[in-house]
Amino acid sequence: MPSIVAITNTGTVSYQTFWGTQQQQSESAGSGIIIKQDSKYLYIATNNHVVADADSLKVQFVDNETVECKVQGTDASDDLAVVKVALSDIKDSTLKEIKVATVNEDTDTLEVGQGVIAIGNALGEGQSVTNGIISAMNRSITVNNVTFDGLFMTNAAINSGNSGGALLNADGRVIGINFAKTSEDGVEGMAYSIPVSNVKDLINS
């Protein structure tokens, strides 16, 4: 949990009224995973749709401390993004509470049926933890006419705000980045996670 953050995206939405086009600010919630720290910045992996169209972005750490962050890079085709937080903006007490996530890069150790844990900012209410199993591997899902392949499917509960959060194995190693679920009527327990082993080079770049 010290490696997971909540992300708040503040943007501007336009809507039509009798008097014409109006604008107002809106907020959306997501999650992120602390993946690297250098001498100046903390780097956080998340989904592109968590940070898209943001006027401002804030991250909240496990101790509830909130700071501004900036987008380092995005890839809409893989729904991935990396944001960064200046270490100078983070309190010393917070730096003692957080840590860089440990990533499991060996997919050969993963198999259908093994237990997993999902951590994220569900419904924008702060960190919560759910558990389940890997239900299937190498699955595909189409979101907004874009098809994503090579995914884990899990029955761990994934809800709005969990996007960009971590799917962990029993050793606490990150194996996936949670990003979508099937929400049709009569469908339960079909959530999807991007294997970090598939995108580690992209994230590093």
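Every heavy atom of this structure was used, including side-chain atoms; hydrogens, water molecules and symmetry mates were not.
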Strictly distance-based, threshold 3.5 Å: is any side-chain N or O of [X] a donor or acceptor partner for the main-chain N or O of [Y]?
X    : Y    : value
T102 : R173 : no
N47  : V50  : no
N48  : V51  : no
D63  : E65  : yes
D79  : H49  : yes
N198 : G150 : yes
T154 : A156 : yes
Q127 : I4   : yes
N155 : I133 : yes
S31  : G120 : no

Roughly how far, to the nearest 0.5 Å, is the [atom2] atom of [Y] from the [atom1] atom of [X]?
X    : Y    : atom1 : atom2 : answer
I35  : Q37  : CD1   : CD    : 12.0 Å
T147 : I141 : OG1   : CD1   : 9.5 Å
K70  : Y41  : NZ    : OH    : 7.0 Å
M153 : M137 : CE    : CE    : 12.0 Å
K58  : T8   : NZ    : OG1   : 8.0 Å
L167 : N131 : CG    : CG    : 11.0 Å

Looking only at side chains, do K181 and N162 share a donor and an acceptor under 3.5 Å apart? no
Does a donor on one side chain sit under 3.5 Å from an acceptor on the other, for T10 and D55? no
Closest non-hydrogen atom pair, [X] against [Y]:
X    : Y    : value
I158 : A118 : CD1-CB, 3.7 Å
C69  : V85  : CB-CG2, 3.6 Å
T130 : A157 : OG1-O, 2.9 Å
I177 : S193 : N-OG, 3.1 Å

Do [X] and [Y] touch side chain to side chain, with heavy atoms closer than 4.5 Å?
X    : Y    : value
V116 : L168 : no
D78  : I194 : no
I33  : I44  : no
I119 : M1   : yes
E97  : P2   : no
L151 : N138 : no
T74  : L80  : no

Flag yes if [X] and [Y] sit in one hydrophobic cluster, no otherwise; membership is Ile, Leu, Val, Met, Phe, Trp, Tyr, and two members link when side-chain heavy atoms are under 4.5 Å apart.
X    : Y    : result
F152 : V196 : no
V62  : L123 : no
I117 : I134 : no
V82  : V199 : yes

When you look at CG of D92, are more than 12 heavy atoms from neighbouring residues, nucleotides or ligands closer to it than 6.0 Å? no
Enclosure of D75 CG (heavy-atom neighbours >12, cutoff 6.0 Å): yes
Should the pair K84 and Y43 be classed as cation-pi, given the thresholds of under 6.0 Å to the six-membered ring centre and 45° from the axis? no
Give me the one residue out of I90, D89, L95, V59 that meets side-chain contact (heavy atoms from CB on, under 4.5 Å) with L42. I90
With ring pair (Phe, Tyr, Trp, His ring centres under 6.0 Å) as the rule and sequence neighbours excluded, what pairs involving residues 158-205 come up? F148-F179
Taking it one step at a time, do N104 and L110 satisfy side chain to side chain contact (heavy atoms under 4.5 Å, CB included)? CA-CA 10 Å; N104 187 91; L110 306 177; 4.2 Å; yes
Quick one: do I7 and T46 satisfy side chain to side chain contact (heavy atoms under 4.5 Å, CB included)? Show the steps, please. CA-CA 9 Å; I7 299 177; T46 185; 3.8 Å; yes
